[in-house]
Amino acid sequence: MAQSKPPVPKENLVLVASVINTTNPYMIANIAGAQALSKKLGIPLEIVNSNGSSQTEISKIQAILAGGKTVLMFVNTVASSDAPTIVDAVKKAGGYVTIWWNSPTDYKPWNVGDNFVAFQKIPGVQSGRCGADAIGAALGGKGNVVMLPGVQDSTTSKTRVAGFQAQIKEKFPGIKILEARPSNWDPQVANRNAKDLIVKYGSDINGVWAADDAMQIGAMQAFENAGLLNKVKFASDGLYPETVADLKSGRGDHAIVGETFHRGYMASAVGLYTAYLVAEGKVKPSELPHEKRESLFQLSCVTPDNYQQYLKYDAPDAAAQFVDELIEKGPWDTPPMTLIGAGPEEMPK
């Protein structure tokens, strides 16, 4: 690895993990990954809970940056448009930031400088296509579905939605998308939206696709309360612990038919460790190839037949084990979340 400027003394460093909320299991896992890396490196950690608000996110980050330490930051941005404001603040403070999931497509780390270490994400289009394949097959290629996207101004939600819509259109012309209700990655918002959709469409709904499992959890509860869970098929993204439990039990006459696998603790650990390597002088971002600064990492499609092979990644010590391997192998070569290519994602035509 290229030698950069001298390392920042460890006592001058602070890790920061900024998450959209602390109710979504994925965000809780983001925090767990940051905690595991903090413990391993012996560097203190601060958590920013954005409470779904860009304003809260930015003001809390600015307060930490004012503390005077060199900040190494992972940000799961509320909205794509937040990224430039956050990166600019980190740059002015002399810190290093890795943005995950949501950033404007034309906002490139190499145009900003080394303080914007990288933009990293899991492919969203593939995730949406996984869900469409699962629901399409379960419905025999016919029926009506509703969609629960995440935050509207979100790269992640937009790409997952595009993948789902494209796959339904290309492969399952007999399936009609009735409506999409953005639900902000929040189980309670998804629950309310699902209730409204049930009132509007009732038993005409045959399938529900959600852009992540937190929203699927809320939606399934609404369909269960309405006595319709056994009649509807669900697919989503994340394979969260509650989803695994529902797959194991076959809840709702095996209502969940498709999932994807990736883990929040892996994302935060990789994001923070990439920034740490820069502060240590072991990586110089401007000398990295573009795929290591605008990065797509491995995603796996999951079915009720193969989910068991991913359970080991939810063991009590899974985050700590991943961090050990991350430090040994580096941020781009640690399975099961290895680098697979460069962004931005190609949107379906």
Side-chain angles (χ1 to χ4, degrees), residues 19-31 49-52 78 127-128 130-132 134-136 138-139 143-152 154 156-157 160-161 164 175 177-264 302-304 307 310-311 314:
V19 295
I20 296 172
N21 60 50
T22 54
T23 57
N24 183 315
Y26 183 84
M27 313 298 169
I28 295 167
N30 278 163
I31 294 168
N49 175 9
S50 304
N51 277 313
V78 174
S127 170
C130 286
I135 286 179
L139 298 184
N144 301 307
V145 300
V146 293
M147 301 169 62
L148 299 172
V151 172
Q152 279 187 294
S154 156
T156 304
S157 185
R160 289 178 187 172
V161 166
F164 182 82
I175 292 179
I177 297 171
L178 295 173
E179 194 170 331
R181 290 276 183 101
S183 297
N184 296 3
W185 313 116
D186 189 315
Q188 291 159 336
V189 176
N191 182 269
R192 288 196 300 272
N193 281 334
K195 283 178 185 172
D196 289 347
L197 291 165
I198 290 165
V199 169
K200 188 170 180 179
Y201 299 108
S203 58
D204 286 345
I205 301 171
N206 310 116
V208 177
W209 175 81
D212 93 320
D213 277 2
M215 297 183 294
Q216 177 172 264
I217 288 164
M220 285 180 70
Q221 193 60 56
F223 278 84
E224 189 165 62
N225 293 347
L228 293 170
L229 189 63
N230 292 10
K231 299 179 174 69
V232 179
K233 297 304 179 188
F234 290 79
S236 184
D237 176 286
L239 197 67
Y240 296 171
E242 196 166 326
T243 302
V244 171
D246 288 343
L247 282 165
K248 280 181 178 174
S249 69
R251 180 182 172 202
D253 191 21
H254 305 280
I256 298 173
V257 294
E259 277 292 327
T260 65
F261 173 81
H262 53 92
R263 281 292 169 264
V302 178
T303 69
Y307 75 90
Y310 300 99
L311 300 184
D314 292 325

Checklist entry - Which residue pairs satisfy the salt bridge (charged side-chain N to carboxylate O under 4.0 Å, His left out) criterion with at least one member in residues 231-245, sequence neighbours excluded? => result Arg160-Asp237

Next on the checklist: If I take atom CE from residue Met147 and atom CG from residue Leu178, how far apart are they, to the nearest 0.5 angstrom?
Outcome noted: 11.5 Å

Identify every side-chain donor-acceptor pair in residues 199-211 under 3.5 Å, counting partners at least two apart or on other chains, and give the distances.
{"unit_1": "Lys200", "atom_1": "NZ", "unit_2": "Glu179", "atom_2": "OE1", "d": "2.9"}
{"unit_1": "Tyr201", "atom_1": "OH", "unit_2": "Glu179", "atom_2": "OE1", "d": "2.8"}
{"unit_1": "Asn206", "atom_1": "OD1", "unit_2": "Asn144", "atom_2": "N", "d": "2.7"}

Checklist entry - If you measure from CG on Asn191 to CE on Met220, what distance do you get to the nearest 0.5 Å? => result 12.0 Å

Item to check | Minimal non-hydrogen separation, Val189 against Pro182, with atom names | outcome: CG1-O, 4.4 Å

Item to check | Over all atoms of both residues, closest heavy-atom pair of Leu148 and Met215 | outcome: O-CE, 3.3 Å

Checklist entry - What pairs of residues pass the salt bridge (charged side-chain N to carboxylate O under 4.0 Å, His left out) test when at least one of them lies in residues 255-264, not counting sequence neighbours? => result Arg263-Asp314

Item to check | More than 12 heavy atoms of other groups within 6.0 Å of Gln188 CD | outcome: no

Item to check | Pairing residues for Ser183 by the side chain to side chain donor-acceptor pair (under 3.5 Å) criterion, not counting sequence neighbours | outcome: Asn193

Item to check | Sequence neighbours excluded, every pair satisfying salt bridge (charged side-chain N to carboxylate O under 4.0 Å, His left out) that has a member inside residues 184-197 | outcome: Arg181-Asp196

Checklist entry - Is the closest side-chain heavy-atom distance between Asp213 and Ser236 below 4.5 Å? => result yes

Checklist entry - Taking only residues two or more places apart in sequence or in another chain, which ones pass ring pair (Phe, Tyr, Trp, His ring centres under 6.0 Å) with Tyr310? => result Phe261

Item to check | Contacts of type side chain to side chain contact (heavy atoms under 4.5 Å, CB included), residue Asn49, not counting sequence neighbours | outcome: Asn21, Thr22, Asn51, Lys60

Item to check | For Asp246, all residues meeting salt bridge (charged side-chain N to carboxylate O under 4.0 Å, His left out), sequence neighbours excluded | outcome: Arg251

Next on the checklist: Test of understanding: with side chain to side chain contact (heavy atoms under 4.5 Å, CB included), list the residues that count as partners of Ile175, not counting sequence neighbours.
Outcome noted: Leu139, Val145, Ile168, Phe172

Item to check | Sequence-distant partners of Ala214, side chain to side chain contact (heavy atoms under 4.5 Å, CB included), two or more places apart | outcome: Asn24, Pro25, Pro187, Asp212, Tyr240

Next on the checklist: Please give me the minimum heavy-atom distance between Val78 and Ser50, naming the atom from each residue.
Outcome noted: CG2-CB, 3.7 Å

Checklist entry - Is there any ring pair (Phe, Tyr, Trp, His ring centres under 6.0 Å) pair reaching into residues 216-238, and which pairs are they, with sequence neighbours excluded? => result Phe223-Phe234

Checklist outcome for this item: Here the pair of heavy atoms bringing Gly252 nearest to Asn230 is CA-OD1, 3.3 Å

Next on the checklist: So which atom in Ala235 and which in Gln216 form the shortest heavy-atom distance, rounded to 0.1 Å?
Outcome noted: C-OE1, 3.3 Å

Next on the checklist: Ala226: which residues meet the side chain to side chain contact (heavy atoms under 4.5 Å, CB included) condition with it, sequence neighbours left out?
Outcome noted: Ile198, Leu228

